[in-house]
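The analysis underlying the following values was restricted to heavy atoms, covering all of them including side chains, and did not include hydrogens, waters or symmetry mates. Read the numbers this way: they start at 1 and go in the same order the structure lists the ligands and their atoms.
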Amino acid sequence: PVFVLNGPNLNLLGTREPEIYGTTTLADIEALCRQTADTLGVSIVFEQTNHEGALVELIHQAGEKGSAIVINPAAYTHTSIALLDAIKGVDVPAIEVHLSQPVAREAFRAVSYVSLAAAGTISGLGARGYELGIRAAVQLAQARAK
Ligand code: CA2
């Protein structure tokens with residue numbers, strides 16, 4: 001499976017700050033991801049957690065049981081060397097996804113530790129970024145398997 005991982009506060013999507021994050025809920029995004037995976041003939045594991053260590057463990061699981069990672073690390077993007085090291089430590093490609101365009105926002109969002117290990121980043125396209133992220137992740141995983 002492709003592991004689609006979501007970081008802190010993304011469970012609140014669709015309830016607040018619609019001007020930044022839209023009205024789409026995380027359940028809507030999960031449905032879009034499952035639809036995309038079905039179209040591509042792959043399975044997904046879809047998880048959200050507010051805990052940094054839990055994300056580290058999910059990345060490890062993806063390294064053991066998954067073919068690729070699509071991750072929106074949310075605020076941990078800008079702070080977490082632990083997530084960076086976890087992605088570096090597993091042998092599967094990771095695509096970083098953001099709903100908003102972090103570099104166009106506050107200065108502290110311009111830095112991404114996760115980008116140092118990600119194969120690519122999709123930002124600013126809302127929920128559609130997840131679909132594009134899954135497509136990119138599957139292509140990278142298939143290219144590796146050849
Ligand atoms: O644009 C993104 O996807 C972010 O990863 C979202 C994070 C933010 O810290 C990153 O800089 C960019 C925040 C996710 C929290 O989402 C909320 C949604 C509704 C209400 C409150 C928070």
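- Taking CD from Gln48 and CG from Asn11, the interatomic distance works out to 4.0 Å, rounded to the nearest 0.5 Å.
- Pairs of residues two or more places apart, or lying in two chains, never qualify as side-chain hydrogen bond (donor to acceptor under 3.5 Å, both in side chains) while including a residue from residues 54-69.
- Residue Leu58 is grouped with residue Tyr76 when hydrophobic side chains (ILVMFWY) are merged at heavy-atom distances under 4.5 angstrom, including chains of intermediate members.
- Proximity to Leu99 (heavy-atom distance under 4.0 Å) selects the following atoms of ligand 1: 1 (O), 2 (C), 3 (O).
- Of the protein's non-hydrogen atoms, the one nearest atom 18 (C) of ligand 1 is Tyr21 CD1, 3.6 Å.
- The side chain of Arg109, and not its backbone, has at least one atom closer than 4.0 Å to an atom of ligand 1 (non-hydrogen atoms only; side chain from C-beta on).
- Residue-ligand proximity: Gln101 is placed with every non-hydrogen atom at 4.0 Å or more from ligand 1.
- Around atom CD of Gln101, more than 12 heavy atoms belonging to other residues, nucleotides or ligands sit under 6.0 Å away.
- In terms of protein heavy-atom proximity, atom 1 (O) of ligand 1 is nearest to Ser100 OG, 2.5 Å.
- In this structure, OG1 in Thr77 is found 4.0 Å from NE2 in His98, a value given to the nearest 0.5 Å.
- Within the hydrophobic cluster formed by Ile, Leu, Val, Met, Phe, Trp and Tyr side chains joined at under 4.5 Å, directly or through other members, Ile44 is accompanied by Val2, Val4, Leu10, Leu13, Ile20, Tyr21, Leu26, Ile29, Leu40, Val42, Phe46, Val70, Ile95, Val97, Leu99, Ile122, Leu125, Tyr130, Leu132, Ile134, Val138, Leu140.
- At a threshold of 4.5 Å between non-hydrogen side-chain atoms, the residues Pro102 and Ser123 count as touching.
- A 4.5 Å side-chain heavy-atom check between Pro8 and Glu52 finds every atom pair outside the cut-off.
- If you check which protein heavy atom lies closest to atom 21 (C) of ligand 1, you get Glu17 OE2, 3.7 Å.
- Taking a 4.0 Å cut-off on heavy atoms, Asn72 registers as neighbouring ligand 1.
- Counting only heavy atoms from C-beta outward, the side chains of Cys33 and Glu131 never approach each other to under 4.5 Å.
- Taking every non-hydrogen atom of His78 and a distance limit under 4.0 Å, the qualifying atoms of ligand 1 come out as 10 (C), 11 (O).
- Near Leu12, the atoms of ligand 1 lying under 4.0 angstrom from a non-hydrogen atom of the residue are 19 (C), 20 (C).
- The shortest contact between atom 15 (C) of ligand 1 and any protein heavy atom is with Asn9 CB, 3.6 Å.
- At a 4.0 Å heavy-atom cut-off, ligand 1 touches Arg16 through backbone and side chain alike.
- Ligand 1 has a nitrogen or oxygen under 3.5 angstrom from a nitrogen or oxygen of His98.
- With ligand atoms numbered from 1 in the order given, ligand 1 contributes 14 (C) to contacts under 4.0 Å with heavy atoms of Leu10.
- In the vicinity of Ala75, heavy-atom distances shorter than 4.0 Å reach the ligand 1 atoms 9 (O).
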